[in-house]
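Inspection log for the structure reproduced underneath, given as structure tokens.
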Amino acid sequence: METEGMASRDLLISWVIRNAGPGHTPSDLGWIDAFFLSTDPVWDQHDIRMATFGYQRPVMEPGVLSPATFPLRIPDGVEGTFYLILRTDYGDSIKEANENNNAVASSHTIDIVSRPADLVAAWKTVPLTGPAAGAIWVEWTITNQGTGDTVVDEWRDAIYLNPGERRLATIDHRGILGPGKSYTARALVELPADASGVAALFVRADAPRHDLGIGAVFEGTNEGNNDSTQAAINITTAPADLHVSSLLAPTTGMSGKTIALEWTVTNLGRGFTLAEYWYDKAVLSLDQVWDDTDVVLPHLVPNHGNPYPEYRRGEPLGPGQSYTFKGRPFLLPLDLSGSYYIIVKTDNQNLVPEAEETNNDRVSTSPIVVTFAGVPDLLVEVVNIPPTAYAGAGIEVSWTTRNAGVATTAGWDDYVFLSPDKVFEPGADFFAGRVRHTGGLVDGASYDASLTAVLPPGMTGSFYAFVFTDRTDQVEELQGDNSNVGSSAQPTQIALPPPVDLIVGAIALPANGVPGQSFTFSYQLRNLGDFATSGPWTDAIYLSSDDKWDLNDPVIALADRDSLGSKAQRTLTLTELLPGVSPGDYQVLVRTDSRNTVRETDEANNLAASVGRIALDVPTLALGEPMVGTLTQGQLVYYRIEVPEAEAFLVSLDSAFDEAFTELYVSHDSMPTRSQHDYHCTAQFEADQQVLVPSPEKGTYDILVFGNQAPEPAPSYTLLARLLGFEVLDADFGVGGTAGDRTIEIHGAQFDRTVTAALVGEGGFSLPAHSHWHVDSTRLFATFDLTQVAPGTYDVVFTKTGGATVTVPDSFTVVEGGRSRLGRTGGSASGHLPCRVQRHGDLVQ
């Protein structure tokens with residue numbers, strides 16, 4: 001081996017492989033010899049790999065020597081003093097009597113220097129002006145100002161319009177360029193048709209093939225100076241001239257129906273259309289002159305349904321080129337009748353610079369006679385409202401709607417408003433509600449409708465009722481929308497109701513309950529006032545650890561109430577779900593009229609607490625013993641476990657219904673909720689869930705199971721909590737490619753920094769991970785070099801200090817391909833072995 005070398009150049013080496021064992025190598029296995037550059041004579045994974053040579057199943061008898069000589073290319077950019085190390089059977093494919101003597105270092109070091117090229121570009125000739133869509137001759141010079149030659153003899157120069165904006169031309173160069181040398185090139189470059197004005201031209205030496213990555217020439221730290229300075233060029237353009245050259249239109253039509261139009265637009269100018277897009281528009285005109293009084297003809301896009309007033313053209317149009325618009329129906333207005341000309345205008349917004357702007361439209365040769373087909377016309381005829389009403393109470397509004405036009409099959413909504421005057425203002429008047437009318441209404445038919453609206457508690461005064469039928473315009477009408485609003489002839493007088501006095505009496509509770517399960521209770525509601533209630537209200541029921549209400553007390557239920565007579569009493573019974581709370585004794589609090597919608601003489605006596613208490617407890621889940629239950633839609637189920645030691649544990653939920661969505665939460669010394677918890681499942685929209693608690697404290701843990709989606713009848717589930725030893729929870733680590741590294745993520749328990757991973761295959765094959773990253777005691781990453789691993793399925797084996805192992809069988813698959821692929825073009829086990837390195841995409845995942 002030589003004592004000096006240069007980066008990017010070949011180094012001629014010779015080596016001998018000897019079979020020092022008592023047996024021959026297997027006939028069905030090959031192996032890899034790998035060469036490395038190392039700063040010391042000891043091989044390790046951090047050394048620089050130069051090349052590998054594959055031996056395809058040769059048989060080497062005991063004592064046989066296999067000499068070889070081959071030039072190895074030193075990697076780009078390498079500098080320093082190195083030993084050359086040969087490691088035979090790299091990847092340990094061959095089972096050997098001694099695996100520790102497979103690497104040997106050269107007897108002397110080699111001094112390697114790096115002398116990269118440095119290509120720079122400069123313009124020689126660029127014209128001052130050039131025509132858009134035309135071509136110009138340009139000339140440039142490429143100089144190598146580096147300390148070494150280019151090594152490779154093929155690369156590309158590229159011409160750009162503005163820095164990195166658009167590549168105009170790519171020119172191949174052939175021949176090695178030595179230091180201090182240069183060459184001059186010339187090319188005919190076509191300027192873009194849509195360019196105009198002053199622009200900048202750049203030439204780039206050694207351009208990448210697709211404007212991404214780097215070029216073919218290694219230039220060390222000088223890859224950023226391959227662009228020339230800019231050369232200014234004024235790109236001149238000839239204007240376009242758009243013209244509607246033909247128009248085909250029908251001579252008859254019916255209102256509310258569609259007609260077919262077809263027109264062609266031709267560019268009569270000498271230049272391209274210099275606009276990203278423009279619009280064509282069709283109108284109906286009484287006088288053959290395009291103006292603002294014309295009626296727009298919207299076109300309907302197939303399979304879309306929405307009408308568009310203009311046709312958008314997005315592709316450029318060159319001199320003499322044309323396009324034809326056809327195949328879409330145009331909608332005639334519902335209220336149209338009479339004789340009209342059809343006018344089509346191209347570029348109606350004047351977005352395209354043109355030589356002539358007055359010839360962009362064309363008029364149909366004959367007018368179209370439109371026959372009126374008739375449309376529905378909805379009228380609100382009668383609106384009734386009672387003369388008096390109470391604030392906070394309900395008020396009934398009734399009305400009659402009639403169709404004075406042709407029959408309609410669509411449904412629509414009637415909106416009801418209350419206004420303090422006779423002027424209808426939908427944005428300012430009180431919106432009382434809406435009523436849906438389904439089905440059609442034949443010509444002359446009518447329907448009666450009503451709405452009971454709840455008035456706000458403080459609303460008083462004189463108000464008119466307004467009904468707005470089909471407010472959202474779901475029915476197309478002929479100028480009839482003006483009659484869609486009707487009002488009551490007389491107003492209603494809204495006054496404050498006489499006060500009442502609601503109180504809560506005795507509250508009866510069961511002795512025991514379970515959070516998440518239903519319980520039945522009752523309470524007395526009394527009206528001590530001299531008047532009956534006049535409107536609805538809401539009672540709020542809470543669970544509390546004492547007889548004082550505060551914002552932290554969980555809500556059991558909100559119960560709507562409607563009426564209670566003077567001096568009347570009512571006993572109300574409810575069955576509700578208990579909220580998730582810690583075990584203990586609780587009182588039930590009832591707040592009647594919790595939203596203060598009822599006018600009362602005394603607002604301070606609406607809260608009462610139960611005298612008795614309900615004892616709440618949750619089922620205990622024993623470690624290692626499964627618990628079976630059922631889970632309905634939206635159900636919350638709680639459990640409690642005791643962890644005797646500070647060891648990792650796993651809670652797993654297995655649903656009997658594979659299409660169910662479940663959720664699982666765990667908290668320490670507190671009841672978890674879906675929003676507040678210590679640990680939670682990570683799989684979304686899955687039937688089965690797991691929660692791993694990595695470093696628990698000794699003590700009590702609470703579990704919440706939630707049914708996010710479940711069928712009827714409720715499917716069963718199995719819940720299990722267990723302590724974890726040294727184990728791996730994953731069953732599949734995916735796929736890796738043979739051309740690079742592959743990192744896998746591992747989940748489990750009792751991982752310390754001594755845990756290592758290895759791929760294990762048939763015939764005693766084992767490949768340790770060359771790096772590990774320990775996140776915590778339940779999660780680590782391992783990275784494997786798969787370049788010498790045969791495609792197939794492998795076990796992943798984990799080992800920690802003390803000899804404990806875990807095997808995940810058939811959990812990792814190796815496939816051919818990936819980030820870098822080494823291929824051998826010829827040769828044999830002894831002799832000349834030419835080698836080629838190819839790069840093929842990204843790592844296979």
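At a threshold of 4.0 Å, the pair Lys567-Asp530 counts as salt-bridged, since one of the basic side-chain nitrogens sits closer than that to a carboxylate oxygen. At a threshold of 4.0 Å, the pair Lys800-Asp752 counts as salt-bridged, since one of the basic side-chain nitrogens sits closer than that to a carboxylate oxygen. Using a cutoff of 4.0 Å between basic side-chain nitrogens and carboxylate oxygens, Arg722 and Glu625 are not scored as salt-bridged.
A donor-acceptor pair under 3.5 Å is absent between the side-chain atoms of Asp730 and the main chain of Asp732, judged by distance alone.
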Less than 3.5 Å apart, which donor and acceptor atoms pair up between the side chains of residues 507-520 and the rest of the protein, not counting sequence neighbours?
unit_1 : atom_1 : unit_2 : atom_2 : d
Thr520 : OG1    : Thr575 : OG1    : 2.8

Listed pairs under 3.5 Å, donor-acceptor, residues 708-719 side chains, sequence neighbours left out:
unit_1 : atom_1 : unit_2 : atom_2 : d
Asn708 : ND2    : Glu663 : OE2    : 3.1
Gln709 : NE2    : Glu659 : O      : 3.3
Tyr717 : OH     : Tyr639 : OH     : 2.5

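Remark: aromatic rings of Tyr701 and Phe649 are close, center separation under 6.0 Å. Aromatic pair Phe463/Phe430: centroids not less than 6.0 angstrom apart.
Two residues are said to be in side-chain contact when any heavy atoms from C-beta on lie closer than 4.5 Å; Leu653 and Val705 meet this criterion. Between Thr401 and Asp414, some side-chain heavy-atom pair lies under the 4.5 Å cut-off.
Remark: Arg591 qualifies as a cation-pi partner of Trp549 under the 6.0 Å distance and 45° angle criteria applied to the six-membered ring. Judged by a 6.0 Å distance limit and a 45° cone about the ring axis, Arg674 is positioned over the six-membered ring of Phe706.
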*Start with the C-alpha gap between Asn606 and Ile503, add the side-chain angles, then the distance that decides, and say whether side-chain contact (heavy atoms from CB on, under 4.5 Å) holds.*
CA-CA 5 Å; Asn606 288 12; Ile503 67 168; 5.5 Å; no
